[in-house]
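First the proteins, then the strands, lettered A, B, ... as listed; each starts at 1.
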Protein chains: 2
Amino acid sequence: MKRTFEISPWHVKTTKWAPEDKLLQESMTALANENLGMRGFFEEGYSKTTLQGVYLGGVWFPDKTRVGWWKNGYPKYFGKMINAVNFMKLTLKVNGEQVDLAKQTPHDFCLDLDMKRGLLTRTVTVTVGGAEVTLKFERFVSAAQKELVCQRLTVQSPSDQEIELAVDSQIDADVYNQDANYDEQFWKVLAKEASGSHALLVSQTKANDFGTPQFMVAMQTSAKTDLNHVGDLAEEKQVTNQFAGTLAPGDSVVLEKRTVVTTSRDYEDQASLVAAAADVSAQIDQESFADLLAAHEAEWAKRWSKSDVVIEGDDEAQQGIRFNLFQLFSTYYGNDSRLNISPKGFTGEKYGGATYWDTEAYCLPVYLGVADPQVAKNLLYYRYRQLPGAYVNAKEQGLKGALFPMVTFNGIECHNEWEITFEEIHRNGDIAYAIYNYTRYTGDTSYVLHEGAKVLVEIARFWADRVHYSQRQNKYMLHGVTGPNEYDNNVNNDWYTNLLCKWSLQYTLEILDQVDQEVLKDLAVTEDERRLFQAIADNMYLPEDAERGIFPENDAFLDKDLTPVAQIPSEQLPLNQHWSWDKILRSPYVKQGDVIQGIWDFIDDFTPEQKRKNFDFYEQFTVHESSLSPSVYSIVAADLGDQEKAVELYQRSARLDLDNYNNDTDDGLHITSMTGAWLDIVQGFAGMRIRNGRLHYAPFLPKNWTAYQFNQVFRGRTIQVRVDQAGTHLQLVKGQPLEVEVGQQVIELK
Amino acid sequence: MKRTFEISPWHVKTTKWAPEDKLLQESMTALANENLGMRGFFEEGYSKTTLQGVYLGGVWFPDKTRVGWWKNGYPKYFGKMINAVNFMKLTLKVNGEQVDLAKQTPHDFCLDLDMKRGLLTRTVTVTVGGAEVTLKFERFVSAAQKELVCQRLTVQSPSDQEIELAVDSQIDADVYNQDANYDEQFWKVLAKEASGSHALLVSQTKANDFGTPQFMVAMQTSAKTDLNHVGDLAEEKQVTNQFAGTLAPGDSVVLEKRTVVTTSRDYEDQASLVAAAADVSAQIDQESFADLLAAHEAEWAKRWSKSDVVIEGDDEAQQGIRFNLFQLFSTYYGNDSRLNISPKGFTGEKYGGATYWDTEAYCLPVYLGVADPQVAKNLLYYRYRQLPGAYVNAKEQGLKGALFPMVTFNGIECHNEWEITFEEIHRNGDIAYAIYNYTRYTGDTSYVLHEGAKVLVEIARFWADRVHYSQRQNKYMLHGVTGPNEYDNNVNNDWYTNLLCKWSLQYTLEILDQVDQEVLKDLAVTEDERRLFQAIADNMYLPEDAERGIFPENDAFLDKDLTPVAQIPSEQLPLNQHWSWDKILRSPYVKQGDVIQGIWDFIDDFTPEQKRKNFDFYEQFTVHESSLSPSVYSIVAADLGDQEKAVELYQRSARLDLDNYNNDTDDGLHITSMTGAWLDIVQGFAGMRIRNGRLHYAPFLPKNWTAYQFNQVFRGRTIQVRVDQAGTHLQLVKGQPLEVEVGQQVIELK
């Protein structure tokens, strides 16, 4: 655990120079606009430990799958988001000495991420070239213009000294991925130009053996400054516009650098790619940094107005929730249905930047509540568009229908652990559930009755082929699966997976009864298929233990050595850093809610006794070593009225990255886990449910809070929910009147 | 399936030039003497598909472990036997054109492996340089002198033409492994010399990051010939002695090349290494090829006299069993207790050339029967010597005692699949069982009461820490294991593993009651430990199914979809080439005997009904996709009196490589599987058992054989067993009188 920033409601800020926390800080000051983003690495360079990462959404590379021994069904490649050409680069020299804070220790330092405005500012006073200068670096990744990144550098000379200042505005293609197999570079420079205050670099990902597309990227920079333009360089892998000048004592000078990035995701060839970048560049040429910033801030203001969460009496939690929403919205805001949310967003390379089931299970419910329905709907369309890949994945397993991937860029499975890739198939159920969740929340049936029906039917076909019939027990079973709890692998009859299988077959049959004739014809579901879906749904095996009144996580769980977590010596935690994998697998310890995940999904369909018994049983074995885990338990605890437990669990991931809770934020933020805090506040503390198309709340106020307040988007309305010591106060901020429930009471909001 | 050689009792021979079978033939004409060996690649080179492989026993390299995702417990490196410097090389030119059968198609061709003498001869008539020459290449790897390899080249000019002949005798260090990760080379040349008829090349394996030893190898060649010595070359990676001459029409000339190889396994430094090679070279200098061959043949004669198997009425089977024994003895004959038997011996790179549990389970019983006890005893000492590595392996899993490795060179685990490495722990039981098997067979308790007791105790300590207590069933269990049937992974309570666990704990306790005080003191087994071993042995969970009267392979087996193999469309077999891994794992199909392995191990301890029911139940699901599988079922079938079935199963692997049964002999032979045919004949057809220290036979004659006969080594005797249409005839070939049983009868052999 480590807190490197001060507590503040809208800022993530520090005034301490702490090089030992450099990587942490870079992760936490990452910026993005869904289309592109970067870690908070220094534009002027840093010769000690740093992770320079610039990432372009949807621009990835297929790396040959590495496994010890091949198994039929493994994917051929692992897609990874690659470190893009670094257009942020600004090399500074004062009196001939290059600015490098690894060599020159700042006297004053301030790093400030303003979450309200989406602006990162760094101010440094440092002695370089024998002069004490003050440097201010501002940057934002425009939420108003997807191609645009703006930087503003201000240099102030000492009050008693003039300085010679040289600033190079650069685009540097000499980049590597941290995890490159063989130190190879992924980018090839196709074209480059530097002249006057403009530079252009066009690059392309190298060819690959897998037939996946290469990406071409054009980066056009323009610099605006009063410094003299003294030259240009177009080297093998870098273009530079050189500026220089003399600053009188106490004077300051500004250099604005704006970068426009276009990619072949949107343009067919190099000519149109470059022309588009030039167009955008020309359009904004007359606008100042302040103008562009204002447009960007206006977008953020809209987002915050729609979905801000206010917490009173707990500044740490306030900062935490805002940081979560800020980074989440930076990563994804539904503007491009070809894109999705990856575990580290634009903040690091780990997990390759691909899409996981986290999207459906954890992100979708958040976007439903904080943004317009189209944002969540685009997440559903994403999977529909990737059906072709899902067919391929299923075929690789020798199975029918659609098997959505565990990890993907383009719909083809990327992950290479058989116990996950082939077996962690609950993801198909989560994707089906997300369709239901969206429809239930929005009341919009247009997706489920068209594209959604197709997705459901193909998932059903997969289930029907994947189950087997156990003659011994006269039930359909799913053997050889891994549930959300990845600390037990290749198990038989994971309760959660079987539940989702059964449920999604039933849901699919219901939808088949509702679609119109034309859709039905296209789906071409035969009578035999319908009968089989029904037979499986009616006769699906679900483990139960009458004695304990619980659902066993899988068939063998209750034969394990059932020693509670509390009895493990604390120095052995977390298990993943101290225990062998063999020991972990045989243990009863739960990495992430499995049965509890199922209870959360269908929280109104279990009795309080069922929920209580399962919660108590599993909580004693749960180590929450996935950052997605505590939030779900928190919601169930809240549902059971266990307020203290709900708050305690909420706190385990509310400030996961801000406090470096898992000791791994160096690599990047836990973007998809950031959904947890919002879900806990809204579904947990405020008890938000949808029942029969109606919003329901059952709020409590956490003991150490004096109030909390959030806006919720629901069926064309924006509802403000405030819970304070006086009680619950609802307000219709926008939209038509609406009936909601609070506890037992029905309230009309106008 | 493919038969590339003619049927012959003592030869593996073909007169057809078949380049499409080149790799197959290279595998099958491999030679070795335990210490070193090579595939039958052509000494003169071959510019099309060939696998040049020269291997030195015990000389290996640690390659960084490659896995998709790391798991705690994985080994850091994968040991591999590396392709050694090629000392076999003889480059020939006729009238200036290099001999290369990929370019010049032979008019006549004969490839002949003489198994009786251990000699490989290849005769080729081919037009090269405009002349039709006849070339004869002979080679043997001396069974009399471990460092020595001899080659003899005879060149005959056409009857009507003189030819210019040039022969280069070379040592070539420019070698790669077929499976090198990055095309890197493992050898660094330290020294080289070529002068007169001698050449020397000293090489060393490159440094590694793992602290395992580098190996230094000296290769000294001498050439004897009437050709003129015309020069020497010492290039960066190759040394050459050049010979040339003119052959009159019809004349022939001979060049003998002998190579002496010493390694740092036996010598401490470069100087002594080179001196030793020079010494051996000098010692044999005055001996002719014929002398050296005679000494080598004499060794083979001894082996055959001790252990030949004669089959009458079935020439294919006769050739098969001799080929098996020939390759087995070439691979291992107990002369170096630091060495062991690897799945491909000296015939290919696959599986890295390391030691597997195959040694204890399949090879040891063969060596017990065909060689002096010291040979098998050395295999036991090998594991005792590797106890330090076994402690490390156990610690990696967070467990006590000794965990012998699945794959190893030096005792440290090498294999990198968690479901095998961490979980396929029956190997510990097989190693304990081998100690018992040796002791029971030989009557020699010196090992088990000293080093063996130590091994048993440490294995027991592992079991005791690895089991867990299931409160639900009040039994000790082993969860998360993989049995010999690797088509089911990470299962709970594999019957075979649990059986071996229980048995070896009991055996260990019995041994503890027999060791002397000093040994007991060293073993330092506490009272608590003894009690725990006893408790586990008394209370070990063993799956059973009363209804079917069988032992379920594991806890979930009977819930599978129990469709027999016979119902799988034949084009889907073998499963490993047609089915996804997921489908295979969930299926009931048995790759290799699991329950049947246990029944074989303790064949006299189960009732005929138990054996019959289990055999019938599992046979219907067994695909035998491991070449080790059919032989074991054959023995059990024979035990049950099902002669036809026993013979059918025997035939599935008796000629596995000779007929390329599995379509993969290109990569190398299946050395450890070669034990199967001998075990089937002796334990199966002849029903050989040891009961209360007495040899017992219950022979039958396979329907299509007129007789079979084998020699068996037993407690200082050599017994000849002949079974023909007249009956069973035993003869004491050597040693003191002995009582044996044949069927119900007790016979005294004198």
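Proximity to chain B is limited to the side chain of A/L585, based on heavy atoms less than 4.5 angstrom apart. Proximity to chain B is limited to the side chain of A/W418, based on heavy atoms less than 4.5 angstrom apart. With a threshold of 4.5 angstrom between heavy atoms, A/E419 approaches chain B through side-chain atoms but not through N, CA, C or O. In this structure, chain B has heavy atoms under 4.5 Å from both the backbone and the side chain of A/N489. The part of B/H468 that comes within reach of chain A is its side chain, from C-beta onward, which places non-hydrogen atoms under 4.5 angstrom from that chain.
Counting heavy atoms from C-beta on, the side chains of B/H578 and B/L573 never come closer than 4.5 Å. Using a 4.5 Å cut-off on side-chain heavy atoms (C-beta onward), A/V481 and A/V491 make contact.
Checked against A/T497 for a side chain to side chain contact (heavy atoms under 4.5 Å, CB included), the options A/T482, A/D594, A/I425, A/N428 give a single hit: A/I425.
In terms of the side-chain contact (heavy atoms from CB on, under 4.5 Å) criterion, residue partners of A/T421 (sequence neighbours excluded) are, by chain and number, A/P75, A/E413, A/H415. Scored by the ring-ring contact (aromatic ring centres under 6.0 Å, His included) test, B/Y77 finds B/W60, B/F210 as partners (sequence neighbours excluded).
Between B/Y469 and B/N474, the side chains place a donor N or O and an acceptor N or O closer than 3.5 Å (distance only, hydrogens not considered). B/S626 and B/Q592 are linked by a side-chain donor-acceptor pair at a separation below 3.5 angstrom, with hydrogens and angles left out of the test.
Of the listed residues (B/E547, B/Q577, B/M477, B/K475), the greatest number of heavy-atom pairs within a distance under 4.5 Å of chain A belongs to B/M477. By number of non-hydrogen pairs under 4.5 angstrom with chain A, the leading residue of B/R466, B/H479, B/E396, B/E417 is B/R466. In terms of heavy-atom pairs under 4.5 angstrom with chain B, the leader among A/R472, A/Q473, A/Q471, A/K583 is A/R472.
Remark: side-chain polar atoms of B/N416 are not paired, donor with acceptor, to backbone N or O of B/T65 under 3.5 angstrom.
A salt bridge links A/E486 with A/K591: the closest approach of a Lys/Arg side-chain nitrogen to an acidic carboxylate oxygen falls below 4.0 angstrom. A salt bridge between B/D582 and B/R586 is present, with a side-chain N of the basic residue lying under 4.0 Å from a carboxylate O of the acidic one.
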Test side-chain hydrogen bond (donor to acceptor under 3.5 Å, both in side chains) on A/E625 and A/Y487; report intermediate values, then the result.
CA-CA 9 Å; A/E625 284 177 18; A/Y487 280 2; 2.6 Å; yes
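Within residues 551-560 of chain A, the residues that have a heavy atom under 4.5 Å from a heavy atom of chain B are A/D555, A/A556, A/L558, A/D559, A/K560, listed by number. Identified by a heavy-atom distance below 4.5 Å to chain A, the contributing residues of residues 397-405 of chain B are B/Q397, B/G398, B/L399, in residue-number order.
For the atom pair NZ of B/K80 and CD of B/E349, the computed distance is 7.0 Å after rounding to the nearest 0.5 Å.
Nearest heavy-atom pair, A/A464 versus A/L532, reported as atom, atom and distance to 0.1 Å: CB-CD2, 3.8 Å.
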